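Structure first, commentary second.
Naming convention: chains lettered A, B, ... in sequence-line order (proteins, then strands); numbering from 1 in each chain. Because the structure is predicted, anything quoted here is derived from the model rather than measured.
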Amino acid sequence: MTAIIEPRLPRGMRDILPQKMLQRRYVIGVVERVFERFGFEPLQTPVLELQQTLSGKYGPDAEKLIYDARHREGKEDLALRYDLSVPLSRVVAMNPELVKPFKRYQIAPVWRAERPQKGRYREFFQCDADIVGTSSMLADAEIVAMIFTILRELGFKEFVTKLNNRQVLTALGEYSGVAPALLPGLYRSLDKLEKIGRDGVRAEMLKNEIPDETAKKVLDLTELPVADLNAWREKFREYPIGIQGINELEELVQFAREMGVQAERLQIDLTMVRGLEYYTGPIFETVVTEPKIGSLTGGGRYDGLVGLFSKNSLPATGTSLGIERIIDVMDELNMFPANLPKTVVDVFVTVFDVARRATSLAIAMSLREAGLDAEVWYDFDGLGKQLRYAAARGIPYVVIVGPDEAAANVVTLRDLKTGEQIQVTRGEVANVLKKKIERA
RNA sequence: GCGAUCAUGGUGGAAGGGUACCACGUCUCACUGUGGAUGAGAAGGCUGCGGGUUCGAAACCCGCUGAUCGCCCCA
């Protein structure tokens, strides 16, 4: 006998068992329907990309997390995709005939070699929706409105989409007078304001070699009331890019409101940064307060990305929803609908004995023909065992055909939840079942 | 990459240095036209891996690996 191979999973990756798949399918279904309702078309791209397609797009920190992939004898340097926006930009550059604005969604796994922890996996699904080919803030607002719609439809009550604009951050950098090399450190520290407070940020900035007066100067600025955008415009008088950013934000919020997004769901946060390097304009991030899990969605405008793959640059904006985080939160808050089935199977057809086998098989096939998901028993066991199986599987209905039923040309239809049994003719079973299932 | 905690059959837990138990689950049989029941039985662990201390280690010590949770960063 050969030694058993210990069954293990790569770090940070998991199997999604059938019951969990049903939850996922429910969430993905909602997301997909809303995406399409907003006019986005499906797109699929390979999980592997050429390394050169991905490198240099995300920033040095993120770049380290990309998985390399190569065939033993292959000549191409390949990598597992890190997100869906860069592949999209590649697709758009390769297919210039696509009608603009090009709106597509993609729900697919991406890989990041991070240290796994709560709400963080090395393989996870992103649900991306992006709009390529327009600079209008209406597009950004639509993305925000769509996030709002999806989360609301999934039953989320407490969530906030934080908004900022990279141009504001750029202006902030100019205003601080900090050397460009130190700017990433400045932004990163600033991003933690909510988490570690003013003093924490100051300490953090000092660690990042930012002079204390500069830190103070920047922090003072960020303490201007967000509600008073004019005060910000005033401060940015000499930094037109900042004014531009503020204007965009204002427009974005107004448009989103016009699309019915509640004001309390939007929060301008001029210290919110987001790590990916390719963002150029508005950036958004959705967080929930209850379980501490990081952001549920993240996105923004990346007007320069397509231009890296084509002479004809195109503006683009979009967002990504993290399905596993959404599921983790919904699980924790018990947000899944009570009637979410435990199995795809609608009905189980028992096999009474050898003589009745053909009848059972025929009934099962006719139920399938009618569009029902039906299962039959494979052996000749007592009804008790068969019912126990159906119950354990969570199958809602069972069809029983024994000698009595066969003689009367009917079947017994048992509701496993209530224990209720009725007799119907073989011709009616499918329709009766369909009605019952519809009502459930 | 850094830090903390943990590591016992599929799952959850017990065994205060002396031959590894319990529950649930799984499987089999009985109850032979009706379910998560009951009864009887079975399978399943070199106690994560490797060393050490000891007459003797699941337990104590060291190393490794893995998981979880933080940090960094992120969906």
Side-chain angles (χ1 to χ4, degrees), chain A residues 4 6-14 17 27 31 58-65 82-85 107-128 147 184-185 187-189 191-192 195-196 200 204 207-208 272-277 284-288 292-300 318-329 342 348 350-353 356 377 380-407 411-421:
Chain A
I4 286 168
E6 193 193 348
R8 290 204 307 131
L9 283 167
R11 170 182 281 223
M13 309 201 177
R14 1 174 248 155
L17 269 22
V27 174
V31 171
Y58 304 104
D61 283 345
E63 184 120 1
K64 282 187 286 195
L65 304 177
Y82 180 86
D83 75 348
L84 301 175
S85 301
I107 297 173
V110 302
W111 290 267
R112 297 183 185 179
E114 292 187 276
R115 184 71 151 243
Q117 50 183 272
K118 186 172 187 180
R120 175 179 300 175
Y121 309 95
R122 289 189 160 189
E123 176 183 63
F124 63 97
F125 271 65
Q126 290 198 321
C127 309
D128 265 45
I147 293 170
Y187 294 143
R188 222 172 303 136
S189 313
D191 195 28
K192 293 182 199 161
K195 200 167 181 179
I196 60 179
E204 189 90 4
K207 233 172 39 197
N208 287 322
M272 194 255 298
V273 176
R274 300 205 50 73
L276 298 182
E277 210 164 58
F284 2 99
E285 180 171 294
T286 308
V287 292
V288 284
K292 250 185 72 190
I293 201 164
S295 50
L296 258 36
T297 83
T319 193
S320 184
L321 312 235
I323 197 119
E324 14 281 294
R325 282 190 184 173
I326 289 176
I327 289 172
D328 284 355
V329 173
K342 276 179 66 184
F348 178 84
T350 58
V351 174
F352 193 85
D353 55 21
R356 243 56 57 172
W377 192 242
F380 300 109
D381 288 303
L383 278 184
K385 182 162 179 171
Q386 299 188 45
L387 286 174
R388 225 175 298 138
Y389 167 79
R393 284 284 311 277
I395 299 170
Y397 300 101
V398 171
V399 165
I400 300 165
V401 215
D404 300 348
E405 286 89 350
V411 304
T412 295
L413 184 55
R414 182 177 176 87
D415 182 330
L416 280 196
K417 226 175 222 125
T418 62
E420 212 183 337
Q421 277 189 186

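Aromatic stacking of A:F352 on B:G33: not satisfied for centres closer than 5.5 Å together with planes under 30 degrees.
Taking a pair to require two hydrogen-bonding distances under 3.5 Å in either a Watson-Crick or a G-U wobble arrangement, B:C21 pairs with B:G13. Using Watson-Crick or G-U wobble geometry with both donor-acceptor distances under 3.5 Å, B:G41 finds its partner in B:C27. Pair assignment for B:C64: B:G48, on the basis of Watson-Crick or G-U wobble contacts that are both within less than 3.5 Å. Under the Watson-Crick or G-U wobble criterion, with both distances below 3.5 Å, B:C72 has no partner in any strand shown. Pairing partner, B:G33: none, since no Watson-Crick or wobble contact has both distances short of 3.5 Å. Base-pair partner of B:U53: not found among the strands shown (Watson-Crick or G-U wobble, both distances under 3.5 Å). Pair check for B:U8 finds none; no Watson-Crick or G-U wobble contact set falls under 3.5 Å. When both distances must be under 3.5 Å, the Watson-Crick or G-U wobble mate of B:A59 does not exist.
Residue A:K385 is in sugar-phosphate contact alone, with no base atom involved, counting any heavy-atom pair closer than 4.0 Å across all strands shown. If you check every strand for non-hydrogen atoms under 4.0 Å, A:G402 touches a base. Looking at heavy-atom distances under 4.0 Å, A:E63 makes no contact with the nucleic acid at all. Residue-level contact check: A:L276 touches the backbone only, with heavy atoms under 4.0 Å from sugar-phosphate atoms and none from bases. Using a 4.0 Å heavy-atom criterion, one finds that A:L296 contacts the sugar-phosphate atoms exclusively. Nucleic acid contact class of A:T297 (heavy atoms, under 4.0 Å, all strands): sugar-phosphate only. Nucleic acid contact class of A:Y121 (heavy atoms, under 4.0 Å, all strands): base. When heavy atoms are screened at a 4.0 angstrom cut-off, A:E114 is found touching base atoms of the nucleic acid. Among the heavy atoms of the strands lying under 4.0 Å from A:R414 is at least one base atom, whether or not backbone atoms are also near. No contact: A:Q386 has no heavy atom under 4.0 Å from any strand. Within the 4.0 angstrom heavy-atom criterion, base atoms lie near A:D404.
Rounded to whole Å, atom P of B:U11 lies 12 Å from atom CG of A:L17. At whole-Å resolution of the value, CZ in A:R115 and P in B:G70 are 13 Å apart. The interatomic distance linking A:D61 (CG) with B:C71 (P) rounds to 16 Å, in whole Å. The distance between atom CG of A:L416 and atom C1' of B:G36, rounded to the nearest whole Å, is 10 Å. What separates CD1 of A:I196 from P of B:G70 is a distance of 17 Å, to the nearest Å.
Of the candidates B:C71, B:U34, B:A67, the closest approach to any side-chain atom of A:R11 belongs to B:A67. Closest to the A:R274 side chain, of the nucleotides B:C71, B:G33, B:A75, is B:A75. With B:G33, B:A75, B:G35 as the candidates, the nucleotide lying closest to the side chain of A:E405 is B:G33. The nucleotide whose nearest atom lies closest to any side-chain atom of A:R120 is, among B:U34, B:C72, B:G35, B:C72. Proximity note for A:K342 (side chain, C-beta onward) versus B:C29, B:C69, B:G36: the nearest is B:G36. The nucleotide whose nearest atom lies closest to any side-chain atom of A:K192 is, among B:G33, B:G70, B:C72, B:C72. Set against B:C72, B:G33, B:G70, the side chain of A:K118 has B:G70 as its closest nucleotide. Side-chain atoms of A:Q117 lie closest to B:G70 of the nucleotides B:G70, B:C31, B:G33. Counting only heavy atoms from C-beta on, A:P116 has its side chain closest to B:U68 among B:U68, B:G36, B:C71.
Aromatic rings from A:Y58 and A:Y82 are positioned such that their centres are separated by under 6.0 Å. A:Y389 and A:W377 have their aromatic ring centers within a separation under 6.0 angstrom.
Ion pairing between A:K192 and A:E204 holds under the 4.0 Å rule for side-chain N and carboxylate O. A salt bridge is defined here as a Lys NZ or Arg NE, NH1 or NH2 lying under 4.0 Å from an Asp or Glu carboxylate O, and A:D328 with A:R325 fails to meet this definition.
Exactly one residue among A:R122, A:R14, A:K118 makes a salt bridge (charged side-chain N to carboxylate O under 4.0 Å, His left out) with A:E324. That residue is A:R14.
Projected onto RNA chain B by closest heavy-atom contact, A:K417 and A:E204 fall at different nucleotides, the more 5' of which corresponds to A:K417. In terms of position on RNA chain B, the residue among A:E324 and A:K195 whose nearest nucleotide sits closer to the 5' end is A:K195.
Under the 3.5 Å distance criterion, the side-chain polar atoms of A:T350 are left unmatched by any main-chain donor or acceptor of A:L383.
Closest approach of A:D83 and A:R112 over heavy atoms only: CB-NH2, 3.8 Å.
Taking atom P in both B:A15 and B:C55, one finds a spacing of 26 Å when rounded to whole Å.
In this structure the side chain of A:F124 never reaches within 4.5 angstrom of the side chain of A:I323, judged on heavy atoms.
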